[in-house]
Every structure is written in structure tokens, then in C-alpha cells.
Amino acid sequence: MKKKLDLPFEYFFLPEDMPSFVKTGNTLTVLDFVGMVLCTDGSIELTNDVGTYKVNHGELFFYMPSAFLHIGYISQNFRCIVLKTTMGYILPIVNRVMDIRTQLYLRNHPQVKLDERQAEDIYRLLISMHERMETESHSDVNDKQRIILTELIKSIAETFFFEVLNICIADLPADEQRGDRNDTVFHNFMISLSYNYRKERNVAFYAAEQCLSYSYFSDIIKQKSGMTALRWINDSVISDARHILEYTNVSIKEIADRLNFPTQSFFGKYFKQYVGISPKEYRRRIRLRDGTVPAKETLVKVNADQIYKV
């Protein structure tokens, strides 16, 4: 039996690979990895915690860990290629060419409009790399050759990712300049928060990450953003909870578990403290306002190993 290469990334051609996934109303929850979507035909409307984006033919869209993607309108001729990879693989590549400020800018501006030549180049590189992966994964080679082939394809992938990053950097506004030390502290906090808010709601955790005292760290965050670090943390948790309540039928208990609250009751009190009403009441009002109730569970949970319907 031939073994597949052990690669830290996967391809999906949608909707062919997963027709049930590309459906209006589905919500993608992204855990522990990043993904890149290249729209090759038609268009799709995607909503995350930053905004709503209409991704058209020849455009790129990036999604990040611990984020929601809600699928809105989909054109009948929609087609795309999705390349997903782990944070452990992509972050060292990104860190070699981008500072934290630039990374945060791209996180908050996930849609990249490509000109015709760029779109063709990205598509050609994706297809070429995928074909090489498919060929080598099913080749009859020994273990030593398989190790070499794995590293070879990973190096090809690095070239591809650098090509994409080059396009992204070239598209940055002219005023995206390197900040001072306090800017770096704030942007490091923003990056860490986006990965850790489901597990860590204590300001001391984020201060310790940067080897700063609680009070000094808190002063920097307040000075740079006008909001306290605790407010940033709470807003991230509440935003996540709102998305789950609005777009899925996941139970309140499961939401509490996903956000690492000790009990459903504790989560309910936390939510009501910041929103003013209970999670159950919030969901009821949203459904009444929109006049829609999902007919079935539409949450698609994705981790580094598999994609499956809940």
C-alpha cells in the first residue's frame, strides 16, 4: 500500500470536493489553522468578525484561527480552490518577511484583489503544486525518497506562499509604517488575543507573554487603543458568542464548553453582564428580527486533521 506524503497543507476544490459544504447559511468555525481561498469562477459572500466580503473571480480571501466564516450569497457558477495549512507551518514563513503590524493589517483586511496576471500566476502555481503532490503521493518510492519528496514539495509551497505575501505587501497602503516599541506590544497582544481568547481571559496571561508587568502592559494597551486590555478580551469572547448564537443551533451548554466556561450558568451570567440579556433571549430576539430559524445544524467544525459535519 502506497503512503501519502506527510505534508502540512491540504487542497480542496469547491464545490466538487464538498458540495454539501458550499451552501448559503453554513458557518465555518476555524480552529488551529489558516486558509486561503482563490475564487476561480463566480462569487461568494463571506462574513467574519471583521466584516462582510463579496469574493469575486480572481480574488483571494484569507481566514484565520478562532474565527467564524458565515456563507451568504453564492452564485450558481461559483468555484474556488482552498489551501489550508497549520499555524505552526505558516507562521515562521510569515515572520521572516512581515512585522506584527503588517500581519495585523492583513488579518483585518483579508480580501486581496488581484490583477489578471497575478490571478493567473497564483492559479498556475496552485495547480502545479497540487499536481506534484498528487503524483508524488501515489508514487512507488522508498522511505528515504519519500522524505526527500516531502521536503521538496514543502519548499515549492514556501515559494508559493512568498509569492502570495509579495502581492499582499505590494498592496499595502503607503502609511503602513513600522511603529515604536509600544506599537509592537499592542500588535503582539492583538495577534495573541485572536488565538487565545477562548482559553485565556486574564490580562496577566497576555502581559506575561511579553514579559511585562500587569500595570505597565495595561497602560500601554489603553494608551494605544483607548480601550483596556480586559475590554478587548471580553469583546472578543462576546463577539464569538454572538456569532454562534446568531448563525447556528449549537446549544448554550456547548457554546459555554467551546468558550471554556466552567458551567453553562457561569457563561450565561457573563454574557448577560456585557450584553444585557441572556444568551437564550439574545438568540430568540435575533431569530424574531431576521424572521429565520435554521432548519438544522449548519456549523461546520474544522481542525487540522479533518472536515466534518456536526
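The two residues Thr40 and His57 have their closest heavy-atom pair at O-ND1, 2.8 Å. Of all the heavy atoms in Ile74 and Thr24, the pair that sits closest is CD1-N, 3.6 Å. Among all heavy-atom pairs drawn from Glu45 and Thr52, the shortest one is CG-CG2, 3.6 Å. Across all non-hydrogen atoms, the minimal contact from Asn202 to Ile233 is C-CD1, 4.2 Å. The two residues Met18 and Phe12 have their closest heavy-atom pair at CE-CD2, 3.8 Å. For Leu69 against Phe61, the heavy-atom pair with the smallest separation is CD2-CE2, 3.6 Å.
Ion pairing between a basic and an acidic side chain is recognised when a charged N comes within 4.0 Å of a carboxylate O; Arg79 and Glu16 show such pairing. Under 4.0 Å is where a charged nitrogen must lie from a carboxylate oxygen, and between Arg96 and Glu158 at least one such pair does. The existence of a salt bridge linking Asp219 and Lys222 is excluded, since no basic side-chain nitrogen approaches an acidic carboxylate oxygen closer than 4.0 Å. Arg124 has no carboxylate O lying under 4.0 Å from a charged side-chain N of Glu120, or vice versa, which leaves the two without a salt bridge. Ion pairing between Lys113 and Glu59 holds under the 4.0 Å rule for side-chain N and carboxylate O.
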- Stepwise side chain to side chain contact (heavy atoms under 4.5 Å, CB included) test for Leu193 and Trp232: CA-CA 8 Å; Leu193 180 63; Trp232 278 106; 4.0 Å; yes
- Stepwise, does the side chain to side chain contact (heavy atoms under 4.5 Å, CB included) test hold for Val82 with Glu10? CA-CA 8 Å; Val82 177; Glu10 290 184 80; over 6 Å; no
- Task: Mind running side chain to side chain contact (heavy atoms under 4.5 Å, CB included) on Thr228 and Ser218 for me, showing each step along the way?
- Result: CA-CA 7 Å; Thr228 65; Ser218 299; over 6 Å; no
- Task: Begin with the C-alpha distance, continue with both residues' side-chain angles, and end with the deciding distance and a verdict on side-chain hydrogen bond (donor to acceptor under 3.5 Å, both in side chains) for Tyr274 and Asp235.
- Result: CA-CA 9 Å; Tyr274 293 102; Asp235 280 1; over 6 Å; no
- Message: Run Leu7 and Thr85 through side chain to side chain contact (heavy atoms under 4.5 Å, CB included) and show every step you take.
- Response: CA-CA 9 Å; Leu7 297 169; Thr85 185; over 6 Å; no
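Taken to the nearest 0.5 Å, the CD atom of Glu163 stands 11.0 Å off from the CG atom of Leu126. Between the CD atom of Glu281 and the NZ atom of Lys272 there is a distance of 9.5 Å, given to the nearest 0.5 Å. In this structure, CG on Asn26 lies 11.5 Å from OG1 on Thr248, to the nearest 0.5 angstrom. With rounding to the nearest 0.5 angstrom, the CZ atom of Phe160 is 9.5 Å from the CG atom of Leu165. Atoms CG and OH, on Leu125 and Tyr123 in that order, are 12.0 Å from each other to the nearest 0.5 Å. In this structure, CD1 on Ile255 lies 5.0 Å from CD1 on Ile244, to the nearest 0.5 angstrom.
Listed by chain and residue number, Arg132, Leu149, Ser155, Ile156 satisfy the side chain to side chain contact (heavy atoms under 4.5 Å, CB included) test with Leu152 (two or more places apart in sequence, or in another chain).
The backbone N or O of Thr184 sits less than 3.5 Å from a side-chain atom of Asn188, completing a donor-acceptor pair. Side chain of Gln118 to main chain of Asp115: a donor-acceptor pair is present (N/O by atom type, distance under 3.5 Å, no hydrogens or angles). The main-chain N or O of Gly268 is never found under 3.5 Å from a side-chain atom of Ser278 such that the two would form a donor-acceptor pair. In this structure, Tyr89 contributes its side chain and Lys154 its backbone to a donor-acceptor pair below 3.5 Å.
Taking 4.5 Å as the limit, every side-chain heavy atom of Leu245 sits out of range of all side-chain heavy atoms of Ile286. The side-chain heavy atoms of Asn234 and Met227, taken from C-beta on, include no pair separated by under 4.5 Å. Using a 4.5 Å heavy-atom threshold, the side chains of Asn48 and Pro110 count as touching. For the pair Tyr197/Arg201, no side-chain contact is recorded, criterion being any heavy-atom separation below 4.5 Å from C-beta on. No side-chain heavy atom of Phe161 sits less than 4.5 Å from a side-chain heavy atom of Val94. Contact annotation: the side chain of Gln210 approaches that of Phe217 to within less than 4.5 Å [non-hydrogen atoms, C-beta and beyond]. Taking the side chain as every heavy atom from C-beta outward, Arg285 and Ile277 approach each other to under 4.5 Å. Counting heavy atoms from C-beta outward, Ile44 and Tyr73 have side chains that stay 4.5 Å or more apart.
Counting non-hydrogen atoms of other residues, nucleotides and ligands closer than 6.0 Å to NE2 of His130 gives a total above 12. Environment of CD in Glu116: sparse, with no more than 12 heavy atoms of neighbouring residues, nucleotides or ligands closer than 6.0 Å. Environment of OH in Tyr216: sparse, with no more than 12 heavy atoms of neighbouring residues, nucleotides or ligands closer than 6.0 Å. No more than 12 heavy atoms of other residues, nucleotides or ligands lie within 6.0 Å of NZ in Lys54, so this atom counts as exposed by the packing criterion. Counting non-hydrogen atoms of other residues, nucleotides and ligands closer than 6.0 Å to CZ of Phe162 gives a total above 12. The environment of OH in Tyr53 is crowded: more than 12 heavy-atom neighbours from other residues, nucleotides or ligands sit within 6.0 Å.
Taking the six-membered ring for Trp and thresholds of 30 and 60 degrees, Phe186 and Phe189 have ring planes inclined between 30 and 60 degrees apart. Between Phe271 and Tyr282, the ring planes lie perpendicular to each other; the angle is over 60°, past the 30° to 60° tilted range. Under the 30°/60° scheme for interplanar angles, the aromatic rings of Tyr11 and Phe13 are found to lie parallel.
Tyr206 and Asn196 form no side-chain donor-acceptor contact under 3.5 Å, judged by distance and modelled atom types alone.
In the hydrophobic cluster analysis, where Ile, Leu, Val, Met, Phe, Trp and Tyr join through side-chain heavy atoms closer than 4.5 angstrom, Met129 is grouped apart from Ile148.
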